[in-house]
Amino acid sequence: MMPRSIMITGASRGLGASLARAYAGEGVRLILTARRIEALTETCRQCEAAGAQVLPLALDLGMDESIDDILAHLVGSDLPDLLIANAGVFSGRRANGQLEASSEQARQLRINLTGTIGLLDTIAQRMKERRSGHLALISSLAAIQPQPDSPAYAASKAGLALWGRSIGEDLSLHGVAVSIIYPGHIESDQTAIHVGQLPGLLPADKAAAIIHKGIGKRRERIIFPRHLYWLILVSNLLPGRLRRWVNRPFRYHVSHEETPR
């Protein structure tokens with residue numbers, strides 16, 4: 001059954017906005033979030049033009065109070081059929097070789113991992129009680145490949161993926177699906193500050209179409225581009241020194257501060 005009520009976090013631009021447009025249509029209710037509600041104006045306009053009913057909400061996953069406010073909206077009939085956890089931040093090594101400051105590392109772990117879990121856990125339990133629903137978590141291929149230039153980001157995405165797989169083992173017994181999405185590079189603010197090679201770079205709309213299709217089939221894992229995934233698996237089988245040599249051309253740095261979505 002197609003979801004009629006869909007919540008997407010980080011929907012103001014990039015992949016989140018593309019996902020919102022992919023789901024927009026007559027009879028669909030979209031709950032869209034961003035850190036600043038005014039940032040959702042254009043996405044809401046496009047989705048409403050496609051016939052969707054749109055509820056924009058401000059959500060900062062770095063603040064417990066903001067998460068609590070959102071959860072207050074999602075009781076009873078407002079509980080979505082599908083929640084796509086897309087919001088996140090990214091940072092990495094600077095051009096001078098310095099890794100993120102400890103505050104940036106903590107912020108990535110807070111927003112991408114613990115804040116997201118704080119939102120999803122309550123909703124997961126409500127879906128479990130209702131015995132229906134679908135959670136889709138945007139992880140990354142960075143979760144399965146060592147990332148010397150963005151270790152905190154990789155850790156946050158690996159942690160989110162494993163949390164989703166773990167809770168999915170329980171939720172599946174109660175009619176609730178969990179999909180973990182492992183995308184490669186997607187055209188966004190994140191790739192705009194990425195200085196280095198971007199193999200397999202996809203437009204956000206194409207990535208959203210792949211995710212939309214996979215969620216529709218209730219796939220537990222949605223991984224793309226597939227050729228990069230297989231190369232990563234092979235790379236991880238190599239001895240450490242050889243793996244580092246093979247991956248050397250793909251090292252990168254970021255041009256400025258972390259980017260939200």
State whether [X] and [Y] are salt-bridged, where the test is any N-O pair (Lys NZ or Arg NE/NH1/NH2 against Asp/Glu carboxylate O) under 4.0 Å.
X: Asp64; Y: Arg110; value: yes
X: Lys128; Y: Asp170; value: yes
X: Arg94; Y: Glu104; value: yes
X: Asp78; Y: Arg29; value: yes

Could you check Tyr23 against Ile215 for side-chain contact (heavy atoms from CB on, under 4.5 Å), going step by step and ending with a plain yes or no?
CA-CA 11 Å; Tyr23 280 98; Ile215 290 174; 3.5 Å; yes

Judged by modelled atom types alone, do [X] and [Y] share a side-chain donor-acceptor pair under 3.5 Å?
X: Ser5; Y: Asp81; answer: no
X: Tyr252; Y: Gln147; answer: yes
X: His174; Y: Arg131; answer: yes
X: Ser156; Y: Gln108; answer: no

Parallel, tilted or perpendicular: which one describes the rings of Tyr153 and Phe90, with boundaries at 30° and 60°?
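Aromatic pair Tyr153/Phe90 classed perpendicular.
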
Pair Tyr229, Ile144 - check side-chain contact (heavy atoms from CB on, under 4.5 Å), show working.
CA-CA 9 Å; Tyr229 171 62; Ile144 58 175; 3.5 Å; yes

Side-chain contact, heavy-atom cut-off 4.5 Å: [X] with [Y]?
X: Leu15; Y: Gln190; answer: no
X: Pro199; Y: His185; answer: yes
X: Met7; Y: Leu74; answer: yes
X: Thr191; Y: Ile186; answer: no
X: Leu61; Y: Ile67; answer: yes
X: Arg93; Y: Gln98; answer: no
X: Cys44; Y: Thr41; answer: no
X: His73; Y: Leu57; answer: yes

Calculate, to the nearest 0.5 Å, the distance between atoms CG and OG1 belonging to Asn112 and Thr116 respectively.
6.5 Å

Starting at CG of Leu30, measure out to CG of Leu19 and round the result to the nearest 0.5 Å.
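Answer rounded to 0.5 Å: 10.5 Å.
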
Any chain of hydrophobic side-chain contacts (each under 4.5 Å) joining [X] to [Y]?
X: Leu141; Y: Val246; value: no
X: Ile123; Y: Leu55; value: yes
X: Leu71; Y: Leu113; value: yes
X: Leu231; Y: Tyr182; value: yes
X: Ile8; Y: Ile210; value: yes

Arg21/Asp205 under salt bridge (Lys or Arg N to Asp or Glu O under 4.0 Å): CA gap, chis, key distance, verdict
CA-CA 9 Å; Arg21 291 190 294 268; Asp205 285 350; 3.1 Å; yes

So Arg45 and Glu48, salt bridge (Lys or Arg N to Asp or Glu O under 4.0 Å) or not? Walk me through it.
CA-CA 5 Å; Arg45 184 194 66 78; Glu48 288 171 343; over 6 Å; no

Write down the atom of Ile70, the atom of Ala58, and the distance for their closest heavy-atom approach.
CD1-O, 3.5 Å

